[in-house]
Amino acid sequence: MSQPPNQPPQGGFGAPQDPPPGGFGAPTPPPPQGPPPGPPPQPGYGYPQQPQQPQQPQQPQQPGQPGPYGQPGPYNSGPYAQPQQPGPYGQQPGYGYPQQQFPGAPGTPPPGGSGSRNPFKGKPALAIGAAVAALLVIGGGVWAVTATGGDEEKDKKPVAGKSDDPKPSGSKGGAPVNPGDGRGDGGEDPEDLNEGRQAGESKVLWYKEAPDAPASGADAPGMWITGETVVKAAYKQVFAYAVGDGKPSWDPITFPEKICAVTPEKTADDKIIVAYMSGSSDRAKCNQMQEIDLATGDKGWKEEVEDGELFDTTLSVELNVSGDILMVGRSQSGTAYDVTSGKKLYDKKRYGDACFPAGFASGPKSIVQVASCGAGGNNAHDEVQGLDPKTGKVLWTYKYDKGWRVERAYSVDPLVVYATNEDKKVWNISTFTSKGKVLEQVGVDEDFAPECGWAILDRDLQGCAGVAVADNTLYLPTEATSGANEIVAVNLTTGKEKWRAKSPADESMMPMRVEGDQLIAYVQPSYDAGGQVVSIATGGSDHKPAKLLQNPQGVADIENSFYSKDIDWVDGRFYISTTRLTGNDESKEKLMLAFGK
C-alpha cells in the first residue's frame, strides 16, 4: 500500500535512517517483499511487490549493507564500512537533530517512467539535507516525488549541529553558570532564567552545562528518568540529578575512555548498560560494558565484548534490552547476555546464503534481527527475523526483495518497519503480525518527518524520535515546509488515516509518547516563544491539542539551541538534553534543561 514517509526520521526525533555510507551508493534494502497486504504497486515503479512467498517485503539491494565498495557482508560494517545512513540526511530545519532524509524521502517515486516526473534529472540522485517531497498516488500505491538539493550540497555530511549562537543566553544574556560536573547546586537560579516569566508559563526547574569535550566533539547518549532521578551520559561520564531541583543524586561516574554506546531503555529494575572504548588509539574497540544502578550509581557487572570473525569487529556496537536479555550487536553478528548477571547466553552469526546480522531491535518481549544477505551479488537482499529472546531461536523470517533496505523499526511490539529502495526512490512502512506476516502497509499520501539520527557502523534501527505506536495506531509528524505541521494517526490494521491534528503554533509538533487515551507531543520553540508540551485525545472526534506546559519565552533561545537532542515528559516535567557535544571551547556547552510548573 503506501510507503514510508519522506524521511528525516531516525531517527532527534526519528526520521528514517541515514543513507548508506557515502550517500546512497550502496544497494538499498527493499520494502517487504511483495507489498504487504494492499493493492500491489504498479509494475515499473519499483514499489515493493507482494511477495510470492508468504508476504515478504521485497528485499533491497542492500544499499548500505555492502559497504563503501558494495562488497558482501564483511564490508558493510567493520573498519571498512561507511556510515550507513549519515550523509544524505541533513539536520531537520529548526530541530537540528541530524535527521536522516532518504534521498527521495519516503515515498519518492521512481525517476522516469511513463507519465512520471523525474525530479532527479540533472541533479544528484542523493539529496543531502532535507528533501522536499510530494506524493503521487499511482496505481493504488503512494509515491513521493522528491526535489533534491543542488550539486553544491552533495559533499555535506550531517553532523550534530551547534547553535548559530553557541552561547546560550537567559533573560540577562550569557550562558547560565552551573557546572556540568554533577556538583552544581541545581534548583537555584543564579542567572535568573525565570526572570520576567509570564503568567501561565512554566519555569526552569534546573539547568546543567556539559563537561569539556575534545575539539573533535563527543557523544552524550541516553537520558534515563526514574521516579527520583534523571541520569545522563556525556563523553566519559555519567551524571545523576534529582528530578525536582537538579541537585546531584550521586557522584558522577568517570570512565577511563569515552562512552561509545548505551542501552536506550532502562531495565525493569532501573539499571542501564554503558559501553566505553578500550583505549584512545585508532585501533581501540567499543567493547567494555559496565552495568550501572540508576538509583544509587553503583556499578554492577562488567564484561568485555569479544570480536567476531574477520571483518566482524567491535569498533562500534549497539545495545538493546528485551526483558532480562541484553543483545549486543557487532558489525556482522550479535551476542546475547543475561542483563542481570552479564553472563553470555548465545551468539547470532552468519547463516544461509551469506546472511550477516546487520542490526537488532528490541521490545519488552521481542527481539528482531535484520540481516544483509548476498551483498554484492545477484541475490542481494535484506531479511527480517523474529527471535526468541532467551534462546536466539529464529521464530520466523521475512525476506525483502532485492533493492530494498530495512532502515528503521518504528516499533517492535507490534513490529512496524520502515524500508527504502534507493534505485526506485521509494519507501515503505509495513506492519507485521506476531508470526512475521505482513499485516498491512501504510497508505497515507503524505510527507512524514520523524527525527532520526544517523549511524556509522550499524543501522541503529530504533534511533528515531518523533514517532509513537500504541493501541494499533502509528503516530507520525508531517514535514513542515513553512509554519505548522500535523501529526497523523494511522490505523495499523488498515493502513489508513484515522485522524490528524495541526500544531497549535507555527512550529513543528512531534509525538513523544502515548499515556492512556492521550498522545503527548512537543511543539518546538520559536524566536519569540518557548516550546510547548501538549496532549491530544486519541479517541473521539476532537483532536485539538491541549496545552500541558508552555515554556517561558525568556529561555526560548536556549531551548531552541538544543540541536541534537533527546526529550522526555515524565510526571509533569519536561526534560531536554543534548546528544552530541561539539567540543567548542569558546563557551560552555549545554547539557540539560528541566521545565515544570
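Note that the numbering runs from 1 along the sequence shown for the chain.
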Next on the checklist: Can you confirm whether V204 sits close enough to F595 that some side-chain heavy atom of one is under 4.5 Å from a side-chain heavy atom of the other?
Outcome noted: yes
Checklist entry - How far apart are the C-alpha atoms of M512 and V533, what are their side-chain angles, what is the distance that settles it, and do they pass the side chain to side chain contact (heavy atoms under 4.5 Å, CB included) test? => result CA-CA 9 Å; M512 284 196 287; V533 176; 4.1 Å; yes
Checklist entry - Backbone N or O of I272 within a donor-acceptor pair of the T263 side chain at under 3.5 Å? => result no
Next on the checklist: Atom NZ of residue position K258 - does it have more than 12 heavy atoms of other residues, nucleotides or ligands inside 6.0 Å?
Outcome noted: no
Item to check | Non-hydrogen atoms of F360 and S333 that approach each other most closely | outcome: CE1-O, 3.9 Å
Item to check | Residues D566 and T579: side-chain donor-acceptor under 3.5 angstrom | outcome: no
Checklist entry - Any sub-3.5 Å donor-acceptor pair from W250's side-chain atoms to F239's backbone N or O? => result no
Next on the checklist: Pair T582, E589 - check side chain to side chain donor-acceptor pair (under 3.5 Å), show working.
Outcome noted: CA-CA 8 Å; T582 65; E589 294 188 69; 3.1 Å; yes
Checklist entry - In this structure, are over 12 heavy atoms from other groups packed under 6.0 Å from E257 atom CD? => result yes
Checklist entry - K348 side chain to G392 main-chain N or O, any donor-acceptor pair under 3.5 Å? => result yes
Next on the checklist: For the backbone of P357 and the side chain of Q332, can you confirm whether one donor and one acceptor N or O come within less than 3.5 Å of each other?
Outcome noted: no
Checklist entry - Got Y241 and L591 here, is their nearest side-chain heavy-atom distance under 4.5 Å? => result yes
Checklist entry - Taking all non-hydrogen atoms of both residues, which atom of N320 and which atom of A361 are closest, and how far apart? => result OD1-CA, 4.4 Å
Item to check | Side-chain donor/acceptor of K390 to backbone N/O of D324, under 3.5 Å | outcome: no
Next on the checklist: Please report the interatomic distance CH2(W224) to OG1(T267), rounded to the nearest 0.5 Å.
Outcome noted: 12.0 Å
Checklist entry - Just how far is it from atom CD1 of I225 to atom CG of D568, taken to the nearest 0.5 Å? => result 4.0 Å
Checklist entry - Hey, does E291 have a side-chain heavy atom less than 4.5 Å from the side chain of Y337? => result no
Checklist entry - Looking at CG of L315 and SG of C286, how far apart are the two atoms once the value is rounded to the nearest 0.5 Å? => result 9.0 Å
Checklist entry - Can you check side chain to side chain donor-acceptor pair (under 3.5 Å) on Q288 and S278, steps first, answer last? => result CA-CA 6 Å; Q288 304 297 306; S278 61; 5.4 Å; no
Next on the checklist: Ignoring hydrogens, what is the shortest heavy-atom contact between V243 and T229? Give both atom names and the distance.
Outcome noted: CG1-N, 3.6 Å
Next on the checklist: Applying the side chain to side chain contact (heavy atoms under 4.5 Å, CB included) criterion to L387, which one of V368, V394, I325 satisfies it?
Outcome noted: V394
Item to check | Residue pair Y207 / V555, side-chain heavy-atom distance below 4.5 Å | outcome: no
Checklist entry - Quick one: NZ on K565 to CG on N560, what's the gap to the nearest 0.5 Å? => result 8.0 Å
Item to check | Evaluation steps, side chain to side chain donor-acceptor pair (under 3.5 Å), between Y351 and E383 | outcome: CA-CA 11 Å; Y351 67 91; E383 292 185 1; 2.8 Å; yes
Checklist entry - So does K588 pair up with D212, basic N to acidic O under 4.0 Å? => result yes
Checklist entry - How close do L581 and A234 get, heavy atom to heavy atom, and via which atoms? => result CD1-CB, 4.3 Å
Checklist entry - Think K590 forms a cation-pi with F562, using NZ or CZ under 6.0 Å from the six-ring centre and within 45 degrees of its axis? => result yes
Item to check | Heavy-atom donor-acceptor pair, S331 side chain to T313 backbone, under 3.5 Å | outcome: yes
Item to check | Among I367, V412, V339, side chain to side chain contact (heavy atoms under 4.5 Å, CB included) partner for S322 | outcome: I367
Next on the checklist: When you compare the side chain of E515 with that of W569, does any pair of heavy atoms fall below 4.5 Å?
Outcome noted: yes
Checklist outcome for this item: Minimal heavy-atom distance between A233 and P221, with the atoms involved, is CB-O, 3.3 Å
Item to check | Heavy-atom donor-acceptor pair, S564 side chain to T578 backbone, under 3.5 Å | outcome: no
Next on the checklist: Please verify the inter-ring angle class for W206 with Y575; under 30° counts as parallel, over 60° as perpendicular, anything in between as tilted.
Outcome noted: tilted
Checklist entry - side chain to side chain contact (heavy atoms under 4.5 Å, CB included) between M289 and V317: does it pass, once the steps are laid out? => result CA-CA 11 Å; M289 292 195 301; V317 300; over 6 Å; no
Item to check | Atom pair CD1 (I558) and CG (L193), whose distance is rounded to the nearest 0.5 Å | outcome: 5.0 Å
Checklist entry - Sub-3.5 Å donor-acceptor pair from the side chain of R580 to the main-chain atoms of Y563, do we have one? => result no
Item to check | Residues R573, L549; criterion side chain to side chain contact (heavy atoms under 4.5 Å, CB included); working and verdict | outcome: CA-CA 9 Å; R573 301 183 185 91; L549 208 65; over 6 Å; no
Next on the checklist: On a heavy-atom basis, which atom in C464 and which in Y410 lie closest, and how many Å separate them?
Outcome noted: SG-CE2, 4.2 Å
Checklist entry - How about K302: does its NZ atom have over 12 heavy atoms from other parts shown lying under 6.0 Å from it? => result yes
Checklist entry - Taking Q462 for the side chain and S362 for the main chain, is one N or O donor matched with an acceptor at less than 3.5 Å? => result yes
Checklist entry - If you round to the nearest 0.5 Å, how far is CD of E228 from CG of L294? => result 12.5 Å
Next on the checklist: Assess the residue pair I259 and V238 against the criterion (side chain to side chain contact (heavy atoms under 4.5 Å, CB included)); give the C-alpha distance rounded to whole Å, side-chain angles, the decisive distance to 0.1 Å, and a yes or no.
Outcome noted: CA-CA 9 Å; I259 294 170; V238 176; 3.9 Å; yes
Checklist entry - Would a 4.5 Å heavy-atom cut-off, applied to side chains only, mark K236 and P211 as touching? => result no
Next on the checklist: When you compare the side chain of K266 with that of V321, does any pair of heavy atoms fall below 4.5 Å?
Outcome noted: no
Next on the checklist: Quick one: does any side-chain atom of T335 pair with a main-chain N or O of D347 as donor and acceptor, under 3.5 Å?
Outcome noted: no
Checklist entry - Does some side-chain heavy atom of N287 sit less than 4.5 Å from a side-chain heavy atom of R330? => result no
